[in-house]
Amino acid sequence: HHDLLGLIWLDQGRFDESERATRARLDKLRHAGDRTGSAHLLGRLGTIAAERGDLSAAVSWFTRQLALSRELGNRSLEMAAETNLGLVAARRGDLSIARTHLRRAIDGYGAIGREGHMAYAMLSLAEAESQAGQWEAVMELLDRAAPRIQNAKRAVWAGQSEALRALARA
């Protein structure tokens, strides 16, 4: 119940309510010993912080999610944390750290067969590279991501990809 409300409120931009509900659910999961659920909600708290613009708090939450996911051997949640850490680094303008995290996410998602998530990480890295004017890297990533984006049937990703291609050609 709290988990669903937290997600709905996050989508609505009601960050205080979302954080309260997510923390309440996290406390219950911790008490019940559900470490995988806890790792998932650490990521949600990171997303809430990032949406608020509190990038330091977001890094803290995503780093905790990454550590717990690694401890649990949950590669999917680990790669989600890597992706989110890469996105936050890109927002901060730290391309080197963004590259490190997003490349780990691309490789990790590829290793576990999560092609759609791999495409999103590639698109995120292409966007970060575009901010640095690295157009050859952008095009290489978009070419690699293209079949995965098509298979994922994500129109938004296809639109982002086309916009980045247009910028690269300009």
Side-chain angles (χ1 to χ4, degrees), residues 1-128 131 141 145 148-149 151-154 156-157 160:
H1 178 248
H2 284 289
D3 187 38
L4 184 57
L5 280 175
L7 185 58
I8 290 168
W9 285 329
L10 174 60
D11 287 342
Q12 293 175 345
R14 295 169 61 183
F15 304 127
D16 290 341
E17 293 98 325
S18 180
E19 182 176 359
R20 273 194 303 278
T22 302
R23 284 179 182 268
R25 182 69 179 146
L26 179 60
D27 287 343
K28 287 181 182 179
L29 292 178
R30 283 182 174 156
H31 185 72
D34 183 348
R35 300 177 76 218
T36 299
S38 296
H40 177 77
L41 291 182
L42 291 171
R44 168 96 47 82
L45 289 166
T47 299
I48 293 166
E51 289 292 324
R52 280 187 168 138
D54 188 349
L55 301 184
S56 294
V59 167
S60 177
W61 288 115
F62 292 138
T63 300
R64 290 172 63 188
Q65 179 190 31
L66 181 62
L68 182 54
S69 299
R70 282 182 178 156
E71 189 179 315
L72 295 170
N74 188 318
R75 295 282 288 159
S76 185
L77 281 174
E78 180 184 345
M79 294 310 107
E82 291 282 12
T83 300
N84 285 320
L85 285 164
L87 291 170
V88 170
R91 273 181 70 182
R92 288 180 154 175
D94 194 333
L95 184 57
S96 177
I97 290 175
R99 281 179 178 138
T100 297
H101 288 294
L102 291 168
R103 286 176 180 156
R104 284 183 195 152
I106 291 164
D107 293 344
Y109 279 135
I112 62 173
R114 301 291 301 268
E115 294 286 314
H117 289 77
M118 185 181 183
Y120 179 74
M122 288 174 164
L123 189 56
S124 298
L125 182 54
E127 196 167 305
Q131 292 172 10
L141 284 159
R148 293 170 175 92
I149 291 171
N151 289 339
K153 295 179 172 63
R154 291 288 185 87
V156 172
W157 296 353
Q160 286 176 288

message: L95 vs Q131, test: side-chain contact (heavy atoms from CB on, under 4.5 Å). Steps then yes/no.
response: CA-CA 9 Å; L95 184 57; Q131 292 172 10; over 6 Å; no

Nearest-0.5 Å distance that lies between atom [atom1] in [X] and atom [atom2] in [Y]:
| X | Y | atom1 | atom2 | value |
| --- | --- | --- | --- | --- |
| L42 | L68 | CG | CG | 6.5 Å |
| M118 | T83 | CE | OG1 | 11.5 Å |
| E71 | R35 | CD | CZ | 4.0 Å |
| I149 | L123 | CD1 | CG | 5.0 Å |
| L26 | H40 | CG | NE2 | 11.0 Å |
| L141 | L102 | CG | CG | 9.5 Å |

Distance-minimising heavy-atom pair for [X] and [Y]:
| X | Y | answer |
| --- | --- | --- |
| I97 | A89 | CG2-CB, 3.6 Å |
| F62 | G46 | CZ-C, 3.2 Å |
| S18 | L10 | OG-CB, 3.5 Å |
| A105 | A121 | CB-CB, 4.1 Å |
| A39 | L72 | CB-CD1, 4.5 Å |
| A58 | A50 | CB-N, 3.7 Å |

Please check this pair: side chain of [X] against backbone of [Y], looking for a donor-acceptor N/O pair closer than 3.5 Å.
| X | Y | value |
| --- | --- | --- |
| Y109 | R75 | no |
| R114 | M79 | no |
| S124 | Y120 | yes |

field: Full working for side-chain contact (heavy atoms from CB on, under 4.5 Å) between E115 and N151
entry: CA-CA 9 Å; E115 294 286 314; N151 289 339; over 6 Å; no

field: No-hydrogen, no-angle side-chain donor-acceptor test under 3.5 Å, S56 and R92
entry: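 Their side chains do contain a donor-acceptor pair, which is all the 3.5 Å distance test asks for.
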
query: With a 4.5 Å limit on heavy-atom distance, are the side chains of L66 and E78 in contact?
result: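 L66 vs E78: side chains touch.
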
query: Would you call L85 and V88 a side-chain contact if the rule is heavy atoms closer than 4.5 Å?
result: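 Side chain of L85 against side chain of V88, heavy atoms only: no contact under 4.5 Å found.
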
message: Applying the salt bridge (charged side-chain N to carboxylate O under 4.0 Å, His left out) criterion to E19, which one of R52, R14, R25 satisfies it?
response: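 Answer to the salt bridge (charged side-chain N to carboxylate O under 4.0 Å, His left out) test with E19 among R52, R14, R25: R52.
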
- request: Could you tell me whether R70 and E82 make a salt bridge, using a distance below 4.0 angstrom between a side-chain N and a carboxylate O?
  value: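 So R70 pairs with E82 through a salt bridge.
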
